[in-house]
Enquirer: 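Here it is, the structure in full.
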Amino acid sequence: MDEKGLSNFFENYLKKDSIFLNKGVLQSTYTPGEIPHREEQIKQIANILAPALRMERTSNIFIYGKTGTGKTVCVKHTAQKLEEVAKQNNIKLKIVYVNCKLSKVADTEYRLIAQLVREFGKEIPPTGLPTGEVYQIFYKTIEEERQRIILILDEIDQLVNRASDILYNLTRINAELKNAQISIIGISNNLVFADNIDPRVKSSLSEEELVFPPYNALQIQDILSQRTKKAFRQDALEQGLIEKCAAYAAKDHGDARRALELIRVAGELAERNNEEKVPIKYLDLAEEKIEKDRITDTIMTQPQQFKATLYAALALDKGKKTILTGDIYDTYKQICSKTGIRPLTQRRVSDIIAEFDMLGIINAKVISKGRYGRTREISIAMPAQIEGKIRETLAKELGA
DNA sequence: CCTCCACCGGAACGTGAGGAGT
DNA sequence: ACTCCTCACGTTCCGGTGGAGG
């Protein structure tokens, strides 16, 4: 493109009507005014929380459901309304929302409590203090302010190490407080999580329990049409796109977040290709792109040792039928000596393999081969074209 | 039915980088 | 200067194990 062509391109870009009116409506950070098909859950949450307005203690709530079933959005929405009413009536009520998954922010006991204290405007160093002292500061702060607090802990299953201890301490706090009071709303994606926590913690945390079921296709359709009305220009979607997208998402565990992402990315692709409308067939492209971006992104942000391990697995995937932990470790060691990376022990590499499994980059299954031992059987869980690309990139980066 | 492989996976501990308080 | 803290990342040590082959 020559210089004139380039300015023309930008001129045209500016003049062109966007397919989108407001893309933000499709992003997961957006909180819609109305939440379809969750009236029942919202009512329940509201019922449980309402006593806070009379300065009574509210029950702790434990909420679980899979990703994209509207847990966070419902809780935030209800809490927000409650806080507004409290404010209008001069009731001291504070809602604190913490996402425990945010690494380096709230994923350990120390950091979680430190984050809470920060919500009250006090500074806590990122490390250095004993955890007990941070608790003390926290107690003192809320005691002084005579606060009622509703603490929303999103994705509590992501707390590393013993989540039990942290939750135990938090649920026990009330016994130590005279003027303040805390209620906890715990949100978890992981249904198994509930079984793994200390039964004492479990019982006090889930004084009330709520389950968010997955949305079905029709419900996702409603959500999509509600949001797309605001997000897209009128008639920007090809007939049947919403239905198709909803069907996709419903098949895939009723995840509304995924449905919204799918339709957003499809829109972006259509816009980039100067389409008038978003064609249905772009949903497939969008799905591909999302998956590809996810994989590339997670891999490229891994530390070097992880990359080396993955590269070993990818190298073996060419031609071999089954890959075992031992195979990977051998190849890994070869790669290390070739590239000058300090080799880790097999124990560690085994953990790294397990982590890639959790990230969905590879599949690892523990199998027994009888006489010939017990090991993990590993397969690569990514589309072939991407796999080739990744292998090249890793080879270049590692110098192998 | 027993054995024994090739790992699995829990636990304790070490190191070194962040930092606090005295 | 010194002791004490958290936390990421690893190592060392070791008991545990499903099932093919004897």
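Each chain gets a letter, A, B and so on, in the order its sequence line appears, and its residues count up from 1.
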Enquirer: Run the salt bridge (Lys or Arg N to Asp or Glu O under 4.0 Å) test against Arg371(A) and tell me which residues pass, sequence neighbours left out.
Expert: none

Enquirer: Leu112(A) has an atom CG; how far is it from atom C1' of dT6(C), in whole Å?
Expert: 15 Å

Enquirer: Counting primed atoms plus P, OP1 and OP2 as sugar-phosphate and everything else as base, spell out the protein contacts along nucleotides 10-22 of chain C at 4.0 Å heavy-atom distance: B, S or - for each nucleotide, 5' to 3'.
Expert: SSB---BBBBBS-

Enquirer: Please give the angle, rounded to 10 degrees, between the axes at the start and the end of the helix from dC1(B)-dG22(C) to dT22(B)-dA1(C), where five pairs define each axis.
Expert: 20°

Enquirer: When clusters are formed from ILVMFWY side-chain contacts under 4.5 Å, directly or step by step, what else is grouped with Ile42(A)?
Expert: Ile35(A), Val73(A)

Enquirer: Could you list all N or O pairs between the protein and nucleotides 19-22 of chain B that sit under 3.5 Å apart?
Expert:
unit_1: dG19(B); atom_1: N2; unit_2: Gly128(A); atom_2: O; d: 3.3

Enquirer: Could you verify whether a donor N or O on one side chain and an acceptor N or O on the other, from Gln181(A) and Arg148(A), lie under 3.5 Å apart?
Expert: yes

Enquirer: For the pair made of CG in Asp107(A) and C1' in dT6(C), what is the distance, rounded to whole Å?
Expert: 12 Å

Enquirer: Can I get a per-line list of side-chain donor-acceptor pairs under 3.5 Å for residues 111-120 of chain A, giving both atom names and the distance, sequence neighbours left out?
Expert:
unit_1: Arg111(A); atom_1: NE; unit_2: Asp107(A); atom_2: OD1; d: 3.1
unit_1: Arg111(A); atom_1: NH2; unit_2: Asp107(A); atom_2: OD1; d: 3.3
unit_1: Gln115(A); atom_1: OE1; unit_2: Arg118(A); atom_2: NH1; d: 3.0
unit_1: Arg118(A); atom_1: NH2; unit_2: Ile124(A); atom_2: O; d: 3.1

Enquirer: Considering residues at least two apart in sequence or located in another chain, which fulfil the salt bridge (Lys or Arg N to Asp or Glu O under 4.0 Å) criterion with Lys338(A)?
Expert: none

Enquirer: Send over the distance from Ile341(A) CD1 to dC9(C) C1', rounded to a whole Å.
Expert: 16 Å

Enquirer: Let me know the distance between NZ of Lys365(A) and P of dC7(B), rounded to the nearest Å.
Expert: 17 Å

Enquirer: Just grab all the ring-ring contact (aromatic ring centres under 6.0 Å, His included) pairs involving residues 251-282 of chain A, residues at least two apart or on different chains.
Expert: none

Enquirer: Clusters formed by hydrophobic residues whose side-chain heavy atoms approach within less than 4.5 Å: which one holds Tyr30(A), and what are its other members?
Expert: Val25(A)

Enquirer: Listing request: all ring-ring contact (aromatic ring centres under 6.0 Å, His included) pairs with a residue in residues 52-80 of chain A, at least two apart in sequence or in separate chains.
Expert: Phe62(A)-Tyr64(A)

Enquirer: Other members of the hydrophobic cluster containing Leu102(A), with the 4.5 Å side-chain heavy-atom rule, please.
Expert: Val105(A)

Enquirer: Roughly, in whole Å, what's the span from CD1 in Ile124(A) to P in dC7(C)?
Expert: 13 Å

Enquirer: In the hydrophobic clustering (ILVMFWY, side-chain contacts below 4.5 Å, transitive), which residues join Leu218(A), or is it alone?
Expert: none

Enquirer: Thr131(A) side chain N/O closer than 4.0 Å to the phosphate oxygens (OP1, OP2) of dT6(C)?
Expert: yes

Enquirer: So does Ser183(A) get a backbone contact from the side chain of Asn60(A), meaning a donor-acceptor N/O pair under 3.5 Å?
Expert: no

Enquirer: For Ile323(A) and dA6(B), what is the distance between atoms CD1 and P respectively, to the nearest whole Å?
Expert: 19 Å

Enquirer: Quick check: on DNA chain C, is the nucleotide nearest Pro130(A) upstream (toward 5') of the one nearest Lys104(A), or the reverse? Name the residue that is more 5'.
Expert: Pro130(A)

Enquirer: Distance check needed: dC5(C) P versus Arg111(A) CZ, whole Å only.
Expert: 18 Å

Enquirer: Rounding to an integer number of Å, can you tell me how far Tyr329(A) OH sits from dG9(B) C1'?
Expert: 17 Å

